[in-house]
Student: 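This is the structure I have questions about; it appears just below.
Note that this is a predicted model, so its numbers are computed, not measured. In what follows, chains carry the letters A, B, and so on, assigned in the order in which the sequence lines appear, proteins first and then strands, with residues in each chain numbered from 1.
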Number of protein chains: 2
Amino acid sequence: MTTIQDVARAAGVSAMTVSNVINGHPNVRPATKERVMAAMTRLDYRVNVAARNLRKGRTGTIGLAVPEIDRPYYGRLAAAIIAAAARHGLRVAVEQTGAVRENELEALSLSRNRLYDGLILSTVGLGPADVDRLKVDHPLVILGERIFGGPVDHVAMPNVDGARAATRHLIDRGCRRIALVCGPRTGETDVSGLRRTGYTQALEEAGLPLDPDLVRTVDRLTMAAGARAARALASDDPGVDGVFCVTDTVAMGVLRGLADAGARVPDDVKVIGFDDVEESAYLVPSLSTIDPDHDLMAARAVDLLAARIDRPEQPLEREEFVSPYRVVARESTATGATGSRADRRP
Amino acid sequence: MTTIQDVARAAGVSAMTVSNVINGHPNVRPATKERVMAAMTRLDYRVNVAARNLRKGRTGTIGLAVPEIDRPYYGRLAAAIIAAAARHGLRVAVEQTGAVRENELEALSLSRNRLYDGLILSTVGLGPADVDRLKVDHPLVILGERIFGGPVDHVAMPNVDGARAATRHLIDRGCRRIALVCGPRTGETDVSGLRRTGYTQALEEAGLPLDPDLVRTVDRLTMAAGARAARALASDDPGVDGVFCVTDTVAMGVLRGLADAGARVPDDVKVIGFDDVEESAYLVPSLSTIDPDHDLMAARAVDLLAARIDRPEQPLEREEFVSPYRVVARESTATGATGSRADRRP
DNA sequence: TTGTATGCGTTATCAA
DNA sequence: TTGATAACGCATACAA
């Protein structure tokens, strides 16, 4: 393994000069620079990143902790975050927490161990009771849900407003008996709780009653659970004509479950999701949804983190960014003639 | 920032003893150990991973380079690899190459820089001409395709056999005019090329002609491209009654495109994919496909890499593991009555 | 059972 | 424009 010293010896200069060449510092005579470069090539020199990290007190890597990288929403988010981080010269190590509280805390402690320069934590398992655990002295950005009054930077989804818009969209399209498929309520600040609030608000605003029988809670926000919920909904037959699903993944399962039960979408039942995962545009029927602008969220999260990394002296005010959103109307909430061509990307 | 020295001072021992406690070495008197642990807690000591890495010559992190993490297939693979790596005590940094050759080479060089202890490279852009670039002296596992005679370890998909089985499945279900939707042919060893070979073999075995008009090449293996190909196929109308798509992602697009064109699946056209992405079971109609056992592939790739990391003295024989596969028959290739319930996970 | 001394490879400081 | 020196924090021989 050739070190900077070997190169220095071979080029007849000091290690310092080699270092200066590597890091593109000025004040190196062109001739010297060339000699050093030649030596590096000849010896096939590679920097030792571990040594550089130790010296600089930086690792150049940030952590990204998500429940599961193979869920479309987190995949999309991760892709955007990795791309944004690359623009800052940062690499991204992905941790999977399985949405388990302990694992989320574990990810926090890895970051505390200076394994990462900072951490983007997409928390699902932590509740308001854990707010104290987030008072850490290293760069941390919470992503995806709003922790009210939390002492940390966070980039949040427009959960309440987006859910309200989604529900209103169903109402606008003529639905009156609108079901909600959501995850278990673990507090006021989790995704399901917030989106449920938006759903409730929209019903109230429209003067529609809130029927508890139409609120279906699934244990996990998966396609399998969504399909089960939809089949149950169809067999209980409470006269549903619209379904708001808290995530597109659940909505995909719901579409499948409704098909199993023989319900036609959108003729019998209209369905809308939340997230605008790539798949949604290509389903049959294509899925209406709320698009929270993932790329913008990812960019903000990384920018925020990078800023904290660059200026460790903590300005006390924490930043909160709530992404804008838009309603994406597709076939699953179409009125009139069905079979219209999908809203799709080119 | 408290170091091991600070802890040593506070506990009245040497740094060595603290190190022994941290690493769980024997030969530390319980009383001493307790004193050290107390000091660590009191001072909120955290190991400096960078220093440890430099000392040990290991980073504890492996790289995973994939085209795009938000494509379902790579998401699934990444999830399995991260989980498998965690079992080895390794973290995973994800690089996105966008299937671009230069970026794949870049990932290789990051690993060479000892940023990672090893690299799992899911290459799409590298061709046989680049085989020399893979002759590296650090742990490397190529994932997902077979590089014949390549000088590296690789874990491969059962590309040819799986594709043949998929095509035969369509033939068994009565298809005679079977289209292929695949990516551009960049050589004999890329995914599209290999699966195309399997397709050709199955046709030959069944005595069916190979009609060039039925082979549709798309520039990228995305849903959008699949949808376009399907619409083109339908409007050209070469009398297709079956479609084998080289990936499930493309197949999702094809299903969408066929729906746009008014073709019914499976009544008019049967469709089968390759990969068994989670979404496939929940589409309407659910998608028949080839399941290559992702978890097994991921585990083998990580095991192989971990073994190379642990024993850097290179045994010259390189390992090649080809995953087993199974045909998953779902609605998209069903015969007779449609609307049968999907094969789905519980 | 514990401590001392040394070096991993790099870069910042400061002097030449 | 270049170089000598000294850390960064940890873990390993080896000594006690």
Student: Within the distance-only criterion (no hydrogens, no angle test), does the side chain of His294(B) pair as donor or acceptor with the backbone N or O of Pro292(B) below 3.5 angstrom?
Tutor: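 Absent.
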Student: Please state how far atom CG in Asn53(A) lies from atom C1' in dT11(C), giving the value in whole angstrom units.
Tutor: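 To the nearest whole Å, that distance equals 12 Å.
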Student: What is the minimum heavy-atom distance between Ala79(A) and Gln96(B), and which atoms define it?
Tutor: O-NE2, 3.0 Å
Student: Does dT1(D) have OP1 or OP2 under 4.0 Å away from a side-chain N or O of Thr17(A)?
Tutor: no
Student: May I ask you to check whether Glu95(A) and Tyr116(A) show a side-chain donor-acceptor distance below 3.5 Å?
Tutor: yes
Student: Please report the distance, rounded to the nearest Å, between NE2 in His25(A) and C1' in dT13(C).
Tutor: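 My rounded result for the distance is 13 Å.
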Student: Which protein N or O atoms sit under 3.5 Å from an N or O of nucleotides 8-11 of chain D?
Tutor:
{"residue": "dC10(D)", "atom": "OP1", "partner": "Tyr45(B)", "partner atom": "OH", "Å": "2.4"}
{"residue": "dC10(D)", "atom": "OP1", "partner": "Asn48(B)", "partner atom": "N", "Å": "3.2"}
{"residue": "dC10(D)", "atom": "OP2", "partner": "Ile4(B)", "partner atom": "N", "Å": "2.6"}
{"residue": "dA11(D)", "atom": "OP1", "partner": "Arg52(B)", "partner atom": "NE", "Å": "2.6"}
{"residue": "dA11(D)", "atom": "OP1", "partner": "Arg52(B)", "partner atom": "NH2", "Å": "3.3"}
{"residue": "dA11(D)", "atom": "OP2", "partner": "Ser19(B)", "partner atom": "OG", "Å": "3.3"}
{"residue": "dA11(D)", "atom": "N3", "partner": "Arg55(B)", "partner atom": "NH1", "Å": "2.5"}

Student: Cut-off 3.5 Å, side chains only: do Asn53(B) and Thr59(B) have a donor facing an acceptor?
Tutor: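 No, no side-chain donor-acceptor pair sits under 3.5 Å.
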Student: Check the distance between dG3(C)'s P and Arg9(B)'s CZ and give it to me in whole angstrom.
Tutor: 14 Å
Student: Taking atom types as modelled and ignoring hydrogens, do the side chains of Asp303(B) and His88(B) form a donor-acceptor contact shorter than 3.5 angstrom?
Tutor: yes
Student: Distance from Leu143(A) atom CG to Ile120(A) atom CD1, nearest 0.5 Å?
Tutor: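 Separation between the atoms: 6.5 Å.
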Student: Nearest-Å distance, CG (Asn27(B)) to P (dA16(D))?
Tutor: 19 Å
Student: May I have the distance from Asn20(A) (atom CG) to dC14(C) (atom P), rounded to whole angstrom?
Tutor: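 Rounded to the whole Å, the gap is 16 Å.
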